[in-house]
Amino acid sequence: MSEAANTVPSGTTPSTPAVRVAPIGVGSALPDGVVTSAEIEERLGLDPDWLVKRTHILERRILGPGEKLTDLALTASQRALEDAGIPATDVDFVIAACLQSDDIAPSMAAVVADGLGTDHAGGFDLSSGCSGFVASVATAAGLIESGRARTVVVVAAEAMSRLTDKTDRATAGLLGDGAGAIVLRGASTPADDRHPGRTGRSLFGSDGANGGTVRVATDHPSVYDAGEFGPGKAGQVQMNGFDTYKTAVNRFESTVRDTATINDTTLEDVDLIVLHQANGRILDAVRKRLDLPEERFATSVHSHGNTSAASIALALADARAQGRVVPGTRLLLAGFGSGLAWAGITLTWEGTPA
């Protein structure tokens, strides 16, 4: 692909840090099962279009009985490598962003690294909910910049349907399943017109004091047991929708603006903003706060729902498939959600024409 630095055997730490980190491929995978908002409205006894008006979600994909989340993660990663035009043997690290894989152990990253056919690539899972994909991309960039890796696959995959209380009006109509992946590669030469790819500075933050606002509890004692949901429902998402909406709009706006600022750029210089696809009302409110037109945003919430860590990767892959992400496209990614945690980063796409 371009003038990327020479690769080294997987599992070996490269000795020369990269001059820049280029995003070179993206891919996605969705289950075949579709559940429409109309079906959920009927099940919950809601008026027609009640969910659509409040979330802008028309449908979401759901894993069926016997289907594995790791299969989606693997397929998305394979498609990202195909988009990048490089073999799996070039991959020396895999980071998987997910709340819950098919197993508590081993990690999703290990399953994906093996399924891709890497040469025993290193890897780990990162759990940060809705900001997990951005956090993973930033972590991958740091590994490459320090010379500890050369080519990294970041995959975000979630089976939110497994964590959904089907009777809860606050969450039953929001959540869906899916996976998206990106390939980052170190390059030994500075960016230029032919090879523009780079990864900018990242921003992180958290507010654990208010973490109970969006929670998936376990059967074990928790610091959030004294909160509004009490001990909570083990293995099910619980959310204070009103507080989450207000906080999300404010935090998304500040994260986007602050990410642009730390990268010495303006929002006018960003070609495409990709936010965590929480719900359509939140995305609309953020867009109005930022005073930017709809075409400056990548949106897939209407067809995917809220897929937690996977949502930004899915929206990015959709935009790439639509021809909106091409060499030189300047991107700003921002996630906010459970934790509470938020993260932002800028990317300039290298890759190839869509």
Side-chain angles (χ1 to χ4, degrees), residues 21 23 95 97 99 126-142 154 156 158 174 180 182 198-211 213-214 239-294 296-301 306-316 319 325 329-349:
V21 179
I95 301 177
L99 285 173
L126 188 154
S127 178
S128 189
C130 309
S131 61
F133 179 70
V134 179
S136 297
V137 168
T139 302
V154 173
E158 300 281 26
L174 288 176
I182 190 171
R198 62 181 300 273
T199 300
R201 297 184 63 190
S202 55
L203 174 152
F204 296 94
S206 68
D207 178 15
N210 291 300
T213 305
V214 184
M239 179 177 65
N240 181 319
F242 181 70
D243 286 351
T244 301
Y245 176 88
K246 291 190 302 179
T247 306
V249 173
N250 291 333
R251 187 58 66 185
F252 268 127
E253 180 190 9
S254 63
T255 300
V256 169
R257 293 190 185 280
D258 291 348
T259 300
T261 297
I262 65 172
N263 283 282
D264 297 321
T265 191
T266 67
L267 295 184
E268 287 67 31
D269 293 325
V270 175
D271 297 313
L272 196 64
I273 296 173
V274 193
L275 303 177
H276 162 55
Q277 306 290 290
N279 74 53
R281 287 183 67 196
I282 289 176
L283 297 177
D284 279 353
V286 174
R287 178 180 59 78
K288 291 174 183 177
R289 288 273 194 96
L290 296 172
D291 193 26
L292 294 171
E294 289 186 32
R296 299 280 298 283
F297 293 81
T299 305
S300 64
V301 70
N306 181 333
T307 55
S308 190
S311 78
I312 293 176
L314 284 168
L316 179 62
V325 178
T329 298
R330 296 163 297 182
L331 302 160
L332 191 154
L333 315 183
F336 167 83
S338 60
L340 300 171
W342 53 94
I345 196 167
T346 60
L347 305 172
T348 300
W349 197 256

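Just so you know, these numbers use all the heavy atoms, side chains as well, and skip hydrogens, waters and symmetry mates.
- For D207, the side-chain hydrogen bond (donor to acceptor under 3.5 Å, both in side chains) test picks out N210, with sequence neighbours left out.
- Residues I262 and S202 come closest through the heavy atom pair CD1-O, 3.5 Å.
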>> Could you walk me through whether L331 and T348 satisfy the side-chain contact (heavy atoms from CB on, under 4.5 Å) test, starting with their C-alpha distance in whole Å, then the side-chain angles of each, then the deciding distance to 0.1 Å, before giving a yes or no?
In response: CA-CA 6 Å; L331 302 160; T348 300; over 6 Å; no
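- With values rounded to the nearest 0.5 angstrom, S308 atom OG is found 4.0 Å from E158 atom CD.
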>> Between T247 and F336, does the side-chain contact (heavy atoms from CB on, under 4.5 Å) criterion hold? Intermediate values first, please.
In response: CA-CA 9 Å; T247 306; F336 167 83; 3.6 Å; yes
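- S300 pairs by the side-chain hydrogen bond (donor to acceptor under 3.5 Å, both in side chains) definition with H304, not counting sequence neighbours.
- With values rounded to the nearest 0.5 angstrom, W349 atom CH2 is found 7.5 Å from L347 atom CG.
- Between Q277 and the options T307, N306, L314, L283, a side chain to side chain contact (heavy atoms under 4.5 Å, CB included) holds for only L283.
- Distance CE/M239 to CG/D243: 10.5 Å, rounded to 0.5 Å.
- No donor-acceptor distance shorter than 3.5 angstrom exists from the side chain of R296 to the backbone of I273, with no hydrogens or angles considered.
- No donor-acceptor pair under 3.5 Å is formed between the side chain of R198 and the backbone N or O of P23.
- In this structure, the side chains of R257 and L290 come closer than 4.5 Å at one or more pairs of heavy atoms.
- The heavy-atom pair separating A141 from T199 by the smallest distance is CB-CG2, 3.9 Å.
- Of the inter-residue distances, the one linking T261 atom OG1 with D258 atom CG reads 6.0 Å to the nearest 0.5 angstrom.
- L275 places a side-chain heavy atom less than 4.5 Å from the side chain of V256.
- For the residue pair S136 and A97, the shortest heavy atom distance occurs at OG-CB, 3.5 Å.
- Side-chain atoms of R201 do not come within 3.5 Å of backbone N or O of A260 as any donor-acceptor pair.
- Nearest approach of L272 to A319, heavy atoms of both residues: CD2-CB, 3.8 Å.
- Between the NZ atom of K246 and the CG atom of N240 there is a distance of 8.5 Å, given to the nearest 0.5 Å.
- For T346, the side-chain hydrogen bond (donor to acceptor under 3.5 Å, both in side chains) partners two or more places apart in sequence, or in a different chain, are N263.
- Checking side-chain atoms of T259 against main-chain N and O of T255 turns up a donor-acceptor pair under 3.5 Å.
- A cation-pi arrangement is absent between R287 and F297, since the terminal nitrogen or guanidinium carbon is not both under 6.0 Å from the aromatic centre and inside a 45° cone about the axis.
- The closest side-chain heavy-atom distance from S128 to L126 is below 4.5 Å.
- Not a single donor-acceptor pair under 3.5 Å links the side chain of S131 to the backbone N or O of G335.
- Closest non-hydrogen pair, V325 versus L316, comes out as CG2-CD1, 4.1 Å.
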>> Could you go through H276 and F133, starting from their C-alpha distance and side-chain angles, then the distance that decides it, and tell me whether this counts as side-chain contact (heavy atoms from CB on, under 4.5 Å)?
In response: CA-CA 9 Å; H276 162 55; F133 179 70; over 6 Å; no
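- Residue G129 comes nearest to S338 through the heavy atom pair CA-OG, 3.4 Å, listed as atom of the first residue, atom of the second, then distance.
- Rounded to the nearest 0.5 Å, atoms SG (C130) and CD1 (I312) are 8.5 Å apart.
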